Amino acid sequence: MTTPPFLSLRDAMARHVRDGMTVALEGFTHLIPFAAGHELIRQHRADLTLVRMTPDLIYDQMIGMGCAAKLVFSWGGNPGVGSLHRLRDAVEHQWPRPLALDEHSHAGLAVRYTAGASGLPFGVLKGYTGTDLVTANKSQIATITCPFTGDVLTALPALTPDVTILHAPQADREGNVLLRGIVGACREAAQAARVLVVTVEEVVDQLDAPMNAFVIPAWQVAAIAVVPGGAYPSYAHGYYARDNAFYLAWDDIARDRARFTEWMTTHVLETATHAEFLQRVGAVA
Amino acid sequence: MTTPPFLSLRDAMARHVRDGMTVALEGFTHLIPFAAGHELIRQHRADLTLVRMTPDLIYDQMIGMGCAAKLVFSWGGNPGVGSLHRLRDAVEHQWPRPLALDEHSHAGLAVRYTAGASGLPFGVLKGYTGTDLVTANKSQIATITCPFTGDVLTALPALTPDVTILHAPQADREGNVLLRGIVGACREAAQAARVLVVTVEEVVDQLDAPMNAFVIPAWQVAAIAVVPGGAYPSYAHGYYARDNAFYLAWDDIARDRARFTEWMTTHVLETATHAEFLQRVGAVA
Amino acid sequence: MTAYTPDEMMTVAAARRLTNGAVCFVGIGLPSAACNLARLTHAPDLVLIYESGTVGTRPTVLPLSIGDGELAETARSVIPLPEVFTHYLQRGRVDVGFLGGAQIDRFGNLNSTVIGPYDTPTVRLPGAGGAPEIATHVRELLIVMKQTARTFVDQLDFRTTAGFLDGGDARSRAGLPGGGPRAVITNLGELTPDPGTRELVLSAIFMGVTVDDVRAACGWPLRVADTVARIVPPTTIELQTLRALQDRTREAHAHRVRITLPT
Amino acid sequence: MTAYTPDEMMTVAAARRLTNGAVCFVGIGLPSAACNLARLTHAPDLVLIYESGTVGTRPTVLPLSIGDGELAETARSVIPLPEVFTHYLQRGRVDVGFLGGAQIDRFGNLNSTVIGPYDTPTVRLPGAGGAPEIATHVRELLIVMKQTARTFVDQLDFRTTAGFLDGGDARSRAGLPGGGPRAVITNLGELTPDPGTRELVLSAIFMGVTVDDVRAACGWPLRVADTVARIVPPTTIELQTLRALQDRTREAHAHRVRITLPT
């Protein structure tokens with residue numbers, strides 16, 4: 001077993017993410033790696049294929065800042081609030097640049113991650129039948145016939161991101177990473193990835209991991225950055241809650257191109273670290 | 001949510017298992033439902049299709065007592081000891097009756113359970129290639145071509161047992177069941193089953209279940225029987241250890257038809273309950 | 001009888017559709033409010049599954065998002081998201097699902113993807129999420145949507161989610177295992193599918209609503225059942241429970257989060 | 001130098017093949033002893049995965065079965081068995097696998113299923129277990145078997161597990177992703193595949209063994225490398241560590257289990 005290097009967030013992103021790559025920042029409401037996304041914006045990454053089940057605010061920000069050429073996703077909204085205005089602007093008006101879509105349902109994208117995590121070239125589900133997704137995204141959706149029953153099912157190609165980035169509560173000093181609480185498709189996105197980079201709330205001597213916990217072995221992790229508050233305004237169970245008020249406030253910030261750009265400049269581009277970002281956004285106690 | 005009935009082991013087996021059914025008693029070394037298997041022997045169940053990754057001593061006993069018409073399995077030995085003599089006698093000499101085999105590898109049987117658990121008619125793996133399994137078990141092994149890459153993979157039909165029987169450490173009073181430790185393919189066998197019957201070490205007010213524990217919801221359980229020691233000579237983590245000495249001793253008991261039959265008569269047929277069995281076998285402190 | 005809003009009536013009507021003990025796949029917003037209202041009133045043993053992986057959850061406040069910590073803390077178990085869709089939904093273990101959408105047609109098909117053409121939409125909507133497979137697999141699909149002539153349309157811009165497809169036996173011929181839409185609950189009343197043609201028919205209206213109101217708020221020539229039932233207004237218990245739930249929810253979501261950084 | 005048994009020599013030779021830091025899929029018996037010996041001597045960071053779902057386990061005694069509680073208690077995590085095969089093995093994340101068998105042929109194919117015809121076997125063996133997919137996927141397969149003319153056969157009765165199939169590039173043409181057999185460690189020495197034909201060639205022997213001994217214990221005309229290496233006997237450290245491990249194991253497996261029933 002090789003212990004992954006513990007790097008600064010800046011170095012971890014600079015070392016592993018390059019323009020044009022397929023990158024998945026996963027986390028379902030919980031443990032969304034905002035700090036990592038902001039750092040990619042600071043480093044002016046471009047032409048990325050961004051993969052996420054629920055693009056959420058972090059991809060709204062990355063899309064609005066021109067990082068993305070393509071989006072692989074299954075539901076693109078501000079949960080419980082409304083639209084992702086930057087995602088909409090990119091799709092509806094190609095601002096700041098055109099955005100290609102590889103669009104699925106949750107069940108479908110989960111199958112694609114699971115196939116990638118399992119070393120299979122495709123996955124199978126009972127779904128998509130009778131929907132226009134099948135024609136809108138023809139190259140990524142096929143049918144397949146069960147050789148035993150003759151049933152016709154839907155086949156989807158495996159997802160194997162060049163880099164998956166997760167935020168997790170804990171790593172131990174060997175680099176084993178604990179996932180806990182709502183994990184979404186984090187495990188599958190991690191196992192599917194060619195390279196896995198993780199930000200964590202803290203490093204501990206001993207993971208708070210019962211016997212059947214979700215632990216990612218150290219030898220599957222390429223780099224770890226310790227970033228307290230790294231999921232904010234998403235949350236890290238047991239550390240801090242989701243800032244629902246920020247999600248509500250984002251609706252106004254993101255609605256207008258100029259206001260969005262100014263906010264991103266002030267809060268992300270002009271802060272050097274995530275701790276500075278948290279200070280400036282007023283999220284530090 | 002409906003709370004499943006808490007029944008005696010005798011009633012739970014009598015109500016749910018009938019001759020000719022496909023029955024899976026799962027548990028991988030750990031949590032093997034020996035008490036349930038013994039009760040099926042006491043009730044003289046016959047013509048069963050028995051499904052297990054590792055038949056182990058419990059299926060050696062059921063096969064030797066004539067309960068099984070067919071075995072679906074992936075590795076049939078006495079782990080770390082040697083042969084399952086009753087399984088061998090059935091295959092090599094049709095004693096006490098012929099036994100049909102539906103034989104797979106561990107990876108393959110896991111895929112079959114997972115497909116069943118997932119509501120799919122088949123599952124896919126990279127495996128079996130270049131092996132004689134493919135010809136020995138032609139009707140249950142097929143190839144399938146990836147519609148995206150053209151890769152040829154192996155397809156296997158889903159397993160959906162009529163009844164899956166598990167042994168678990170705890171149920172709560174609502175009937176939610178906790179699995180813990182080495183779970184093997186228990187979760188998949190449970191989700192794949194049409195009917196799930198569980199024996200447990202104890203009933204508790206509150207499951208000892210951290211947030212991401214493996215909990216089977218009460219509404220998926222058809223019946224629960226409280227059977228302390230119900231996995232013996234297999235083990236229940238935190239309750240009692242595996243009786244490795246018994247596994248070693250079984251080799252001699254099972255080697256000879258007469259000695260086997262006598263042992264089963266004395267220890268299983270002539271005991272009325274699992275507690276009596278444990279007494280007679282000398283496993284009670 | 002206290003005064004109540006159409007939203008409250010809609011939520012109460014949706015809640016009443018849930019049978020105690022049913023296993024329910026819950027979406028965010030009104031469905032979440034309706035499911036929890038039902039659980040806190042006539043259906044205490046309702047099993048709620050949110051797609052975030054929280055199974056058997058009993059939140060004391062409504063989540064803003066589908067993956068709030070409250071859902072995890074009050075769940076019987078929290079499982080990986082893919083398993084929700086495979087081991088539960090696709091395996092056929094979910095009784096009831098709730099969906100909404102931006103557009104619905106007369107056969108209960110839904111659009112939540114785009115207004116306008118897919119490649120050059122005038123409005124890009126959030127997309128499919130869990131909807132297509134929820135509608136594929138649940139025994140009984142409940143749809144909750146405000147009814148206007150713009151949302152109840154003759155022709156969907158995009159079919160995100162299959163209801164009864166082209167009606168009749170089209171759904172079962174396509175091999176969709178679940179039962180399809182059981183009812184559409186609106187701010188005016190309820191539409192239910194004709195057992196033969198599967199076309200949605202106005203079968204019940206709320207107090208103070210006329211059949212003509214409902215017809216006017218529909219983009220296709222709406223069929224009306226021979227007898228249109230009147231839906232009983234919210235009871236005091238229903239209203240009090242719903243409002244208390246929403247008050248708790250507002251309170252919980254109001255405060256900003258402050259993080260203590262290590263020094 | 002202390003005296004040692006051929007079994008000990010075999011275990012030590014197998015252990016030496018393991019590089020520190022490698023991820024290793026461990027089978028029960030001699031492979032388990034070899035892996036843990038390596039971990040306790042030159043390869044402390046060896047990652048051991050047992051098919052029971054115990055990942056990164058560091059047992060203090062050897063398990064009798066593949067799913068002993070000891071493996072769970074000393075594991076970094078315990079996962080469902082299907083994930084071991086999908087997320088780890090099939091995903092290509094395992095470096096080394098260990099297998100044995102009842103029969104092996106000159107191309108490293110293995111039989112652990114039957115002696116005699118499949119439908120009417122003279123000896124029914126345990127079957128495949130994890131073997132076919134371990135051999136399919138690991139970068140490097142190590143085979144450990146006692147060598148006799150009855151087990152090293154010209155023709156397998158059943159091919160349970162693919163090594164190099166018919167030799168040459170047959171394995172890669174069949175699309176098997178892993179690297180195939182790297183070495184066969186016997187009680188007499190080591191066989192390694194010829195880089196071109198992939199036929200197993202005697203490349204090293206233990207002290208006190210002659211090339212003729214090995215040839216005599218082989219069911220096919222065994223090829224011998226131009227220079228046959230002599231394998232260094234077990235060191236004192238290796239022997240002491242292995243024997244202490246096996247003593248602890250015997251001690252742990254000796255006592256009967258007693259269950260306290262509730263009264």
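Naming: A, B, ... by sequence-line order, numbering from 1 per chain. Remember, it's a predicted structure, so these values are computed and weren't measured experimentally.
Contact of C:Thr86 with chain A is not made at all, since no heavy-atom distance falls under 4.5 Å. In this structure, the portion of C:Thr136 lying under 4.5 Å from any heavy atom of chain A is its side chain and not its backbone. Residue C:Ile259 touches chain A through both its backbone and its side chain, counting heavy-atom pairs closer than 4.5 Å. Residue contact with chain C, scored on non-hydrogen atoms closer than 4.5 Å, involves the side chain of A:Glu188 exclusively. Using a 4.5 Å cut-off between heavy atoms, C:Pro132 touches chain A through its side chain atoms alone. Proximity to chain A is absent for every atom of C:Asp166, based on heavy atoms less than 4.5 angstrom apart. Of the atoms belonging to A:His104, it is backbone heavy atoms, and not side-chain ones, that fall under 4.5 Å from chain C. For C:Tyr118, the part lying near chain A is the side chain, with the backbone staying farther off; criterion is any non-hydrogen pair under 4.5 Å. For chain C, no part of A:Tyr239 is nearby; none of its heavy atoms comes within less than 4.5 Å. For A:Arg242, the parts lying near chain C are the backbone and the side chain together; criterion is any non-hydrogen pair under 4.5 Å. Both the backbone and the side chain of A:Ile182 come within contact range of chain C, judged by heavy atoms closer than 4.5 Å.
C:Phe85 and C:Phe25 have tilted rings, their planes meeting at an angle from 30° to 60° on a 0 to 90° scale. Below 30°, between 30° and 60°, or above 60°: for A:His38 and A:His274 the angle between ring planes is between 30° and 60°, a tilted geometry.
A donor-acceptor contact under 3.5 angstrom links the side chains of A:Arg88 and A:Ser83, judged on distance only. Checked by atom type, the side-chain pair C:Asn187/C:Asp7 shows no donor-acceptor distance below 3.5 Å. For the residue pair A:Tyr235/A:Asp243, the side-chain donor-acceptor check at 3.5 Å is not satisfied. Side-chain polar atoms of A:His85 and A:Asn78 form no donor-acceptor pair below 3.5 angstrom.
For the set A:Gly108, A:Gly282, A:Gly229, the entry with the most heavy-atom pairs within less than 4.5 Å of chain C is A:Gly282. When each of C:Glu70, C:Arg171, C:Arg256, C:Glu73 is scored by its heavy-atom pairs under 4.5 Å with chain A, the top score falls to C:Arg256. For the set A:Thr131, A:Thr114, A:Leu109, A:Leu101, the count of heavy-atom pairs under 4.5 angstrom toward chain C peaks at A:Thr131. Ranked by non-hydrogen atom pairs under 4.5 Å with chain C, the options A:Ala245, A:Gly80, A:Gly77, A:Gly184 are led by A:Gly184. Of all the listed residues (C:Pro126, C:Gly116, C:Pro121), the one sharing the greatest number of non-hydrogen pairs under 4.5 Å with chain A is C:Pro126. Between chain C and the options A:Leu278, A:Thr129, A:Asp132, the largest number of non-hydrogen pairs under 4.5 Å is found for A:Asp132. Ranked by non-hydrogen atom pairs under 4.5 Å with chain C, the options A:Ala107, A:Pro228, A:Ser74 are led by A:Ala107. Among A:Gly82, A:Ala185, A:Ala136, A:Cys186, the residue with the largest count of heavy-atom pairs under 4.5 Å with chain C is A:Ala136. Of the listed residues (C:Leu89, C:Val123, C:Leu176, C:Thr260), the one with the most heavy-atom contacts under 4.5 Å to chain A is C:Val123.
For an aromatic pair to be called close, the ring centres must be under 6.0 Å apart, and A:Phe28 with A:His106 satisfies this. The six-membered or imidazole ring of A:Tyr232 lies away from that of A:Phe34, with a centre-to-centre distance of 6.0 Å or more.
Looking only at side-chain heavy atoms (C-beta outward), A:Ile141 and A:Tyr128 come within less than 4.5 Å of each other. Considering only heavy atoms from C-beta on, A:Leu156 comes within 4.5 Å of A:Leu125 through its side chain.
Within a 6.0 Å radius of CD in C:Gln155, no more than 12 heavy atoms belonging to other residues, nucleotides or ligands are found.
Under the 6.0 Å distance and 45° angle rule, C:Arg93 does not count as a cation-pi partner of C:Tyr88.
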